[in-house]
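The structure appears right after this line, and notes come after that.
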Amino acid sequence: MTRSMLLAASAAALCLPHAAAAQHGAGMTMPMPDARVRPNKTKKTTPTQRMTKPRAAKPTPATHGHVFEELGAVDQQAASAPGATPSMSMMPMDQGPMPDAPTDHAAMDHAQMDHGAMDHGAMDHGAMDHGAMGHMMITDPAYRAASDAALSKIPAGSGMAMGTSAGFYSQGSGTSRLPAAEGPMRGYMVQAGEWMLMAHGYAWGVATDQGGPRGKSEAFVESMAMLMADRDLGERFHIQLRTMNSLEPLMGARGYTNLFATGELANDRPLVDRQHPHDLFMELAAKVDYRLGNGNTVFLYGGPVGEPALGPSAFMHRGSARYQPMSPITHHWFDSTHITYGVVTAGYATPAFQLEASAFKGREPDEHRWNIETPRLDSWSVRGTWTPSPFWAVQVSHGRLKEPEAQHPGEDENRSTASVQYARGGLATMFAYSLKDRVPGEKLSAFLAEATYELSARHAVFGRVENVANDELFPDEDDSLHDTKFRVTKAEVGYAYRLPIVGPLGLALGGTVAAYAKPAALEAAYGKTPVSWTLFSKLAAGL
């Protein structure tokens, strides 16, 4: 019965992007876990500086009761710049006009307005026109301006989702952080009572020809649907519920062709030059934040399916990989733990730092992709993340994984990663390093550099370079190259043309070309100069 209910819930979640298109409308701002309402004593002001105080009312916790933070006046330059796209802080809420307050922003003298003197505790938040007052919802003008610069490069109507920690960073997968200048997570938002709901999802149609003797031509569909629900629980607590699902098990156990990719099993045989499909259940978890004040929180995250604090944000959630149609060949160095059956993470977060530790199941998912595997907590990891400005996110992490790979029974793994992400004005980049140290076994390192540059609301270019030491390219024990470590480099570039459809729903059309550098010993198996290409169409709720 439980499995049937979970399957039904997942099927409903997979329909959310289409439902979002049917009921598109104005975006809404998500409550921010770290921000709190702090009433100020009203200072004496001149008539031009003073704003008429509305009648007192209790803030509505689920909508915007905790999004104000008095950190000074907010710069209006980015909001009023020609062509600027409203950020998550500026999306209209349609809550009605603000009593006795001017709504003509062209006529309001923001330079003279004394934001610090405003009595936010006495404001009637339920009656505020957030189309007019939304500029106050990002606490720091530098962070809001950085987010706006990214959002000005996306198709109109793509939809904004929540920001966290009052906009000091953008939320990645699991509990990871991305630079605030990537802009908030893209999707469709709607308020349901005291809950704020966000839907995000995509379906890729991909046709590829992977070069050389081991490559093949193939067409396939990748998919993901994500639903998040947020609300405040009183003044101190904030809860977020998440589910993420995929119909990629329909591909079959062997997934899709991807030259030099390895990892996991299909039909009890190792996958080589192929990428396994994602499971039906990619995430089924919750996160609870407890506000300590001054933007600081402690939090607890976990569930039967989730992502531990290990490595950077998974590739599907990074702006630097937004239009890459295939997973990296370094996936099992950086991202393989993003679907883990059994996760508990505890952490301490400030706007600039986050320290966290996880207990989780080390074994990668098996080839049976439709079920939820038995959760287990037999592995651990720690991660530190530094977000010193809107433009940077730096993380280092280390974990001990209990027998992560079925094709290496009896071998645990020490995994260490480090990454630097930079974003500004439609550009999102990442540079990362990972070391897999099998115990007992080889030490295998990987390097990854990727970038996406959204040139305008229609055009985007992107690329990725990977270098990896891999000893799984010849799984047959009778092969003379079995268990031999080879270092391979893949370089891929691509282009995407983006078309808005309706509301947050849009389509990206494009393609990529990839070339490889490899040792001469691999020429017999892979050819001298293999070249691969892909064509894709990405239908997404929030391009």
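Excluded from the calculations below are hydrogen atoms, water molecules and symmetry mates; all remaining heavy atoms, backbone and side chain alike, are included. Just so you know, residue 1 is the first one in the sequence shown, and it goes up from there.
Of the candidates Y497, Y495, W204, F536 forms a ring-ring contact (aromatic ring centres under 6.0 Å, His included) with just one, namely W204. Under the salt bridge (charged side-chain N to carboxylate O under 4.0 Å, His left out) rule, E450 has a single partner from K490, R464, R322, which is R464. When R274, R269, R369 are each tested for a salt bridge (charged side-chain N to carboxylate O under 4.0 Å, His left out) with E264, only one passes: R369.
P351 and G295 make their closest contact through CD-O, 3.5 Å (heavy atoms, listed as atom of the first residue, atom of the second, distance). The two residues T257 and M326 come nearest to each other via the heavy atoms O-CE, 3.6 Å. Nearest heavy atoms, S170 versus G183: OG-O, 2.9 Å. Smallest separation of non-hydrogen atoms from H482 and D476: CB-O, 3.3 Å. Among all heavy-atom pairs drawn from L377 and A359, the shortest one is CD2-O, 3.3 Å. Contact record, T175 with F299: CG2-CE1, 3.9 Å, taken as the closest heavy-atom pair.
Taking the side chain as every heavy atom from C-beta outward, L259 and R214 approach each other to under 4.5 Å. Counting heavy atoms from C-beta outward, Q210 and N258 have side chains that approach closer than 4.5 Å. Looking at F360 and L401, their side chains come closer than 4.5 Å, going by heavy atoms from C-beta outward. Using a 4.5 Å cut-off on side-chain heavy atoms (C-beta onward), M316 and M226 make no contact. For the pair L444/H332, no side-chain contact is recorded, criterion being any heavy-atom separation below 4.5 Å from C-beta on. With contacts defined as side-chain heavy-atom distances shorter than 4.5 Å, the pair S176/T385 does not qualify. When side chains are defined from C-beta on, L473 does not count as touching L481, because their heavy atoms never get closer than 4.5 Å. For the pair R415 and S381, the minimum side-chain heavy-atom distance is 4.5 Å or more.
Aromatic pair H278/H338: ring centres closer than 6.0 Å. In this structure, Y526 has its ring center no closer than 6.0 Å to that of Y516.
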Item checked: Evaluation steps, side chain to side chain contact (heavy atoms under 4.5 Å, CB included), between Y323 and T452 -> CA-CA 8 Å; Y323 304 108; T452 294; 3.9 Å; yes
Note to self: I'd like to know whether V488 forms a side chain to side chain contact (heavy atoms under 4.5 Å, CB included) with N470, so could you lay out the CA-CA distance, the side-chain angles of the two residues, the decisive distance to 0.1 Å, and finally the verdict.
What the structure shows: CA-CA 8 Å; V488 176; N470 195 334; 5.9 Å; no
Next item on the list: Take I329 and T262 through the test side chain to side chain contact (heavy atoms under 4.5 Å, CB included) and record every step on the way to the result.
Entry: CA-CA 7 Å; I329 63 172; T262 64; over 6 Å; no
Margin query: side chain to side chain contact (heavy atoms under 4.5 Å, CB included), that's the test. Do L505 and Y188 meet it? Break it down for me.
Written below: CA-CA 9 Å; L505 196 66; Y188 173 78; over 6 Å; no
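To the nearest 0.5 Å, the span separating CD on Q421 from CH2 on W392 amounts to 11.0 Å. The CZ atom of R383 sits 6.0 Å away from atom CD of Q395, with the distance rounded to the nearest 0.5 Å. Taking CE of M282 as the reference point, atom OG of S223 lies at 8.5 Å (rounded to 0.5 Å). To the nearest 0.5 Å, atoms CG (L448) and CZ (F315) are separated by 11.0 Å. Here Q240 contributes atom CD and M198 contributes atom CE; the two are 8.0 Å apart, rounded to the nearest 0.5 Å. Annotation: the span from S379 atom OG to D412 atom CG amounts to 7.5 Å, rounded to 0.5 Å.
For R186 and E454, the salt-bridge test passes: some basic side-chain N is under 4.0 Å from an acidic carboxylate O. Salt bridge status for E307 with R242: absent, with no side-chain N to carboxylate O gap under 4.0 Å. Salt bridge status for K287 with E356: absent, with no side-chain N to carboxylate O gap under 4.0 Å. Salt bridge annotation for R363-E373: absent, with no cationic side-chain nitrogen under 4.0 angstrom from a carboxylate oxygen. One finds no salt bridge joining R254 and E218 here, because no Lys/Arg side-chain nitrogen approaches an Asp/Glu carboxylate oxygen to under 4.0 Å.
With D378 contributing its side chain and G362 its backbone, the two residues share a donor-acceptor pair below 3.5 Å. Listed for the T330 side chain is no donor-acceptor partner under 3.5 Å among the backbone atoms of W333. Remark: side-chain polar atoms of H200 are not paired, donor with acceptor, to backbone N or O of L227 under 3.5 angstrom. In terms of modelled atom types and a separation under 3.5 Å, the side chain of S320 and the main chain of A451 share no donor-acceptor contact. K538 places no side-chain N or O within donor-acceptor distance of the main-chain N or O of G510, the cut-off being under 3.5 Å. Of the possible donor and acceptor atoms, none in the side chain of D279 sits under 3.5 Å from a partner among the backbone N and O of F281. The backbone N or O of F334 sits nowhere less than 3.5 Å from a side-chain atom of S434 that would complete a donor-acceptor pair. Looking only at distances, a side-chain donor or acceptor of E182 sits under 3.5 Å from a matching main-chain atom of G319. Judged by distance alone, with hydrogens and angles left aside, the side-chain atoms of E413 form no donor-acceptor pair with the main-chain N or O of P404 at under 3.5 Å. Checked by atom type and distance alone, the side chain of E403 pairs as donor or acceptor with a backbone atom of G410 at under 3.5 Å.
One side chain, T243 or N245, offers a donor N or O that lies under 3.5 Å from an acceptor on the other. Judged purely by distance below 3.5 Å, without hydrogens or angles, the side chains of E222 and Q275 never pair a donor atom with an acceptor atom. Checking S217 against D209 by side-chain atom types alone, a donor-acceptor pair falls below 3.5 Å. Checked by atom type, the side-chain pair S327/D335 shows no donor-acceptor distance below 3.5 Å. Checking T345 against S358 by side-chain atom types alone, a donor-acceptor pair falls below 3.5 Å.
At least one test fails for K518 against the ring of F486: distance under 6.0 Å to the centre or angle within 45° of the axis. For the pair R318 and F462, the cation does not sit on the ring face, since its NZ or CZ is not both under 6.0 Å from the ring centre and inside 45° of the axis.
Within a 6.0 Å sphere centred on CZ of R376, other residues, nucleotides and ligands contribute 12 heavy atoms or fewer.
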